[in-house]
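One structure below.
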Amino acid sequence: MKKVLIGILVASLMAALFGCRQPNVDTSLTDGSSAYEFKIFGVFASPTITDVDSAFVKMMEEANGIKVNLEIPPTTNYSERLQIMLAGGDYPEVIQFVDVTNKAYIDAVQNGIIIPITDYLKTAENLNKYSYDISWDTLKTKDDSDIYAIPRTSIMRADGYVVREDWLDNVGLTLPENGEVTLDEFTEILKRFTLNDPDSDGKNNTYGFGCNQSSLGGIDPIAINVFGINGWQEDDGEFSYMHKKFDKNDNSFKNALEYMSSIYEKGFIDPDSATITRKVAQDRFMQGITGVLPAFAGNIDPVFAPTMKKINPNVKLTYITGIKDAKGKVQSAVSGTGIWGAYAITKSAKNPQKIVDSFDWMLSDEGWDAVKYGVKDVTYHEEDGKKIFNKKFEQHIIARDFVRRNNDSDFFITDRLVDDVARTTQVSAWVDQCIKNAIPSMDRGYITKASQKPEFIDYQVTMSEVITKIILGSLPVSAYDKAIDGWYKAGGLELVEEMNEYIKKVEGK
Amino acid sequence: MSKSSICSNQLALYTKPKSNALQSAVQYIKKNFWLYLLLIPGVAYFLIFHYAPMYGILIAFKDFDVVKGVWNSSWIGLDNFTYLFKSKDFFNILSNSIIISFYRLFFGFPAPIILAILLNEVRSNTYKRTIQTILYLPHFISWVVITGIIYVFLSPSTGVVNLMINEFGGKSIAFLQEPKYFRSIIVLSGIWKETGWGTIVYLSAITSIDVEQYEAAFIDGANRLQTILYITLPSIMSTIVVLLILRMGNILRNGFEQIFLLYNPMVYNVADVFETYSYRVGILEGRFSYSTAVGIFQSVVGLIFIMSSNYLSRKVNDAGLW
């Protein structure tokens, strides 16, 4: 009995001491094949890998002689998981960073966790062909000639707003064919959606506009382009280049705040906005609480329509492509440089060339066809050279999230099961219009040293707090003057100076 | 035993007290060998999972670099603490943490005591047990679910509370965006969730009270309130004191989930506490060294509070944790 007890105790002690260690075995070549195995830690629309996704991954593996393991944390706490993984020291070969201006990414580059891939990209014809040139500038993270990540290209577009067309009918309004409206027309829509019982249920229970918390927790003004705020642009003031939001001698941003605050006060904005996430704002739009929501035109039919039609079969959706500014133009700056995150290769990778080649393959004609439509005989079959899609196309999610070509707006037509040519043409026209409306911000997503200082990072929360309070009416618009003074003191001045130097350099001035 | 041998033993005791104490200790351990052996896993657990990780505290004094690791990162002395104390957020966070904690202490701490005494006075055992089960339930609901319920109840557009206010002709109130309501919501939802569970310790203390005391009191003509005041409360006072002292150690700790899930920039000035601040700077911004410094500050303040309340308790009440 004593021996048994001692045995149990020793075993439990050994388990406590060594139980949490996992042997670090490289499994890449242990299965007898010569396939190079690597892991991708990424954020995808769905955390579940379906048969349809597996078919695509298998195709990619066979085409490239690789074995891919996907680790997909929930999107809601991706940034936390990323930070903890980076601090832990056990890095996957490929990490997807949603934002390459993010401190986690910059630190990982500075610390040497992420390796430069400039040499490996020399043979990557498709990546070079189908990415924006400006994207590569953003990925020269150390401000030298080295590139540190593979861009996940996203077509540069300035998104507009999805609108309840059935509500418009009920309140006696119509949108122009190109979907462009003036600020007054936009406000009128919000007003009637709030006050004129657009859902005809006899109750005062709807709101014009649905918005949500930003990444800093606050809410931001909408339609800022109307007030002349279009990211970093040339300026004839104190600095050669300026972002109107930070221009102390300009009232553009305060005008935008004034407008937002006034429509909030009138009750045209969902009063829950300051406490809800994007997901909840989307749900409230789908439930018929709000009637206008910022959204990508390509998402109207696949994301919103199916759920909304279940709740109310008479739902019709249309789209505002943009709001005209004082000159009658619809132009809106897109943040970033045509990329939605990037794939970085870590120092754990034994064969970075193979990884780059695999991403390059996804943008080749063969790979892109599979990314866009799925694998033949899984999501579709061909009849007389025409692709006939089946229900499984709806599960074709992860591959479509991997990469994008920069010139294929047809990619965003996801409702391929419905053979409605008129609707497809309409959605394509909206997407094209949004692409046309986009103008790049001249900062190219450059990260200044000033923006990485703790005082400056801390001050962002204060800025968000002040902006939210102004919009919600607990602070006057003039409070922004004090906030912007604080911003300059917290490191904003250095940021503006650094940014001016950078833009001058890349613009060759 | 002869007289001389007793004398020599006494002499040995007198001249070699240390070795004798050691001997008796060894003997004591030998006697209780199996108990000490069973103690090892528990001690090992604390050493491995609670004391060894304290090595990580070093990063509060270093410019932590994930690649270089804890030991090889460069020393920066007290820079993180200097930044913390100079930070414009510091006093706001400190005052929020203390105010919310004191509200919880003032309103939340007596709640389970009162509830336990009330439950003790219930005559029907079936009724008492049913009530207890219902009261324990909220403890098992996660804060994520509870905050969801709070949002649904308090929403200015669709919340039931505001619908009632509207029915009576009032205007909707955005409770979660109003600084004047926020702390009350935090404290009340905390009381709702944990009071039932908190009664367990007090109820078990109450059951250990000798029933004869109550019988004697009734014979002497004491009413229910008097038995509560003069028998129940004094009998569970040592439990109350111990729990209060332990609670004082957590004076700067308000928990993360509840506040994080409920707050927004409109109420940052009354809601931001050390936990939410550490999360923002540590996890989201990757400033691990700095958030460790924030954590150490919380722990040191907690230790000071726990020691001083123990000292006070010993002085006033002659009862304490040690």
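Any value given below was found using the heavy atoms of this structure, including those in side chains, with hydrogens, waters and symmetry copies removed.
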Is [X] in contact with chain B via its backbone, its side chain, both, or neither, using a 4.5 Å heavy-atom distance?
X	answer
A104(A)	neither
T275(A)	both
Q213(A)	side chain
L86(A)	backbone

What do you reckon, is [atom1] of [X] surrounded by more than 12 foreign heavy atoms closer than 6.0 Å?
X	atom1	answer
F90(B)	CZ	yes
F153(B)	CZ	no
M164(B)	CE	no
K449(A)	NZ	no
K347(A)	NZ	yes
W71(B)	CH2	no
Y55(B)	OH	yes

Find the distance between [atom1] ([X]) and [atom2] ([Y]) and round it off to the nearest 0.5 Å.
X	Y	atom1	atom2	value
I289(A)	S155(B)	CD1	OG	7.5 Å
N264(B)	S464(A)	CG	OG	9.5 Å
L163(B)	N205(A)	CG	CG	9.5 Å
M266(B)	L472(A)	CE	CG	4.5 Å

**Request:** Could you look at Y263(B) and say if it's the side chain, the backbone, both or neither that has a heavy atom under 4.5 Å from chain A?
**Result:** backbone
**Message:** If I measure from the heavy atoms of chain A, does V281(B) come under 4.5 Å with its side chain, its backbone, both, or neither?
**Reply:** side chain
**Message:** Please list all pairs meeting salt bridge (Lys or Arg N to Asp or Glu O under 4.0 Å) that have one or both residues in residues 272-292 of chain A, counting only residues at least two apart or in different chains.
**Reply:** D270(A)-R284(A), D272(A)-R284(A), K279(A)-D283(A)
**Item:** chain B-proximal positions within residues 453-463 of chain A [heavy-atom distance under 4.5 Å]
**Value:** P454(A), E455(A), I457(A), D458(A), Y459(A), V461(A), T462(A)
**Fill in**
Ranking Y83(B), Y151(B), Y268(B), Y279(B) by heavy-atom pairs under 4.5 Å to chain A gives rank one to Y83(B)
**Prompt:** What residue, out of G89(A), G217(A), G112(A), has the most heavy-atom pairs lying under 4.5 Å from chain B?
**Reply:** G217(A)
**Message:** Please enumerate all residues that pass salt bridge (charged side-chain N to carboxylate O under 4.0 Å, His left out) together with D272(B), with sequence neighbours excluded.
**Reply:** R280(B)
**Prompt:** What residues form a salt bridge (charged side-chain N to carboxylate O under 4.0 Å, His left out) with K142(A), not counting sequence neighbours?
**Reply:** none
**Request:** Indicate the atoms forming the closest heavy-atom contact of Y207(A) with P156(B), along with that distance.
**Result:** OH-O, 4.5 Å
**Request:** Could you tell me which non-hydrogen atom of Q177(B) sits nearest to which non-hydrogen atom of P271(A), and how far apart they are?
**Result:** NE2-O, 2.9 Å
**Message:** Any side-chain to backbone donor/acceptor pair from Q83(A) onto F288(B)? Under 3.5 Å, distance only.
**Reply:** no
